[in-house]
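Just below is one structure, and these are the notes that go with it.
Source: prediction; values computed, not measured. Atoms within a ligand are numbered from 1 in the order they appear, just like the ligands themselves.
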Amino acid sequence: MREEDLPQVVAINRESFTTDAWSESSLRKELTNKLSRRFVLVEGDRVIGYALFWVVGEEATLMTFAVKKELRGRGYGEYLMREALRRLSGVKKVFLDVRKSNLKAIRLYRKLGFKLLKERPSYYSDGENALLMELKLEEV
Ligand SMILES: CC(C)(COP(=O)(O)OP(=O)(O)OC[C@H]1O[C@@H](n2cnc3c(N)ncnc32)[C@H](O)[C@@H]1OP(=O)(O)O)[C@@H](O)C(=O)NCCC(=O)NCCS
């Protein structure tokens with residue numbers, strides 16, 4: 001994810017998340033955050049989706065991930081996540097939090113091998129619970 005991808009990433013983030021959307025300035029800060037690993041799936045100049053992780057030592061946390069609304073359900077999200085995980089060199093464990101109601105994402109994460117670690121009550125500002133999931137990377 002480079003500076004020139006940012007406007008499209010911001011737009012995808014905005015259409016994908018309501019209360020949990022990142023501001024443009026917080027996404028911009030990621031471009032210089034040494035902990036952050038950022039991926040975009042592009043076709044020509046068009047950004048199809050993005051995934052952003054924070055990596056500390058051998059552990060990564062998926063911070064935000066989305067596919068452009070009109071292009072969902074075509075395999076792009078799975079492709080992007082598999083490729084991103086493959087490129088997280090040195091990482092052994094990946095964690096993520098997902099809304100309990102986000103069944104599409106949960107299904108994708110399970111397909112990739114993520115396992116439920118625990119449920120976090122009222123994790124989101126609207127009171128919804130999160131599922132904390134973990135992937136041991138050798139298993140991908
Ligand atoms: C989650 C998201 C990234 C998936 O991207 P996508 O490109 O639509 O997903 P894919 O087409 O690659 O589908 C991969 C798998 O996801 C699951 N999935 C995707 N769409 C689904 C749907 N409508 N219903 C149920 N499961 C679905 C399935 O397991 C699917 O595999 P399958 O086709 O073999 O059943 C996308 O829906 C999105 O951007 N959602 C909004 C943002 C979001 O929720 N991000 C995750 C926050 S933690």
Distances for all N or O pairs of ligand 1 and the protein under 3.5 Å?
residue	atom	partner	partner atom	Å
ligand 1	7 (O)	Gly77	N	2.8
ligand 1	8 (O)	Gly73	N	2.8
ligand 1	11 (O)	Gly73	N	3.4
ligand 1	11 (O)	Arg74	N	3.1
ligand 1	11 (O)	Gly75	N	2.7
ligand 1	12 (O)	Gly75	O	3.4
ligand 1	12 (O)	Gly77	N	3.3
ligand 1	12 (O)	Glu78	N	2.8
ligand 1	31 (O)	Lys111	NZ	3.3
ligand 1	34 (O)	Lys111	NZ	2.5
ligand 1	39 (O)	Val67	N	2.8
ligand 1	39 (O)	Val67	O	3.4
ligand 1	39 (O)	Arg72	NE	3.2
ligand 1	44 (O)	Asn102	ND2	2.7
ligand 1	45 (N)	Phe65	O	2.8

Item to check | Any donor-acceptor pair under 3.5 Å from Arg38 side chain to Phe53 backbone | outcome: no
Checklist entry - Is there a donor-acceptor pair under 3.5 Å between the side chain of Asp20 and the backbone N or O of Phe17? => result no
Less than 4.0 Å between a side-chain N and a carboxylate O, is that true for [Y] and [X]?
X	Y	answer
Glu119	Lys100	yes
Lys92	Glu59	no
Asp126	Arg99	yes

Checklist entry - Is it the case that Ser16 and Arg72 place a side-chain donor and acceptor less than 3.5 Å from each other? => result yes
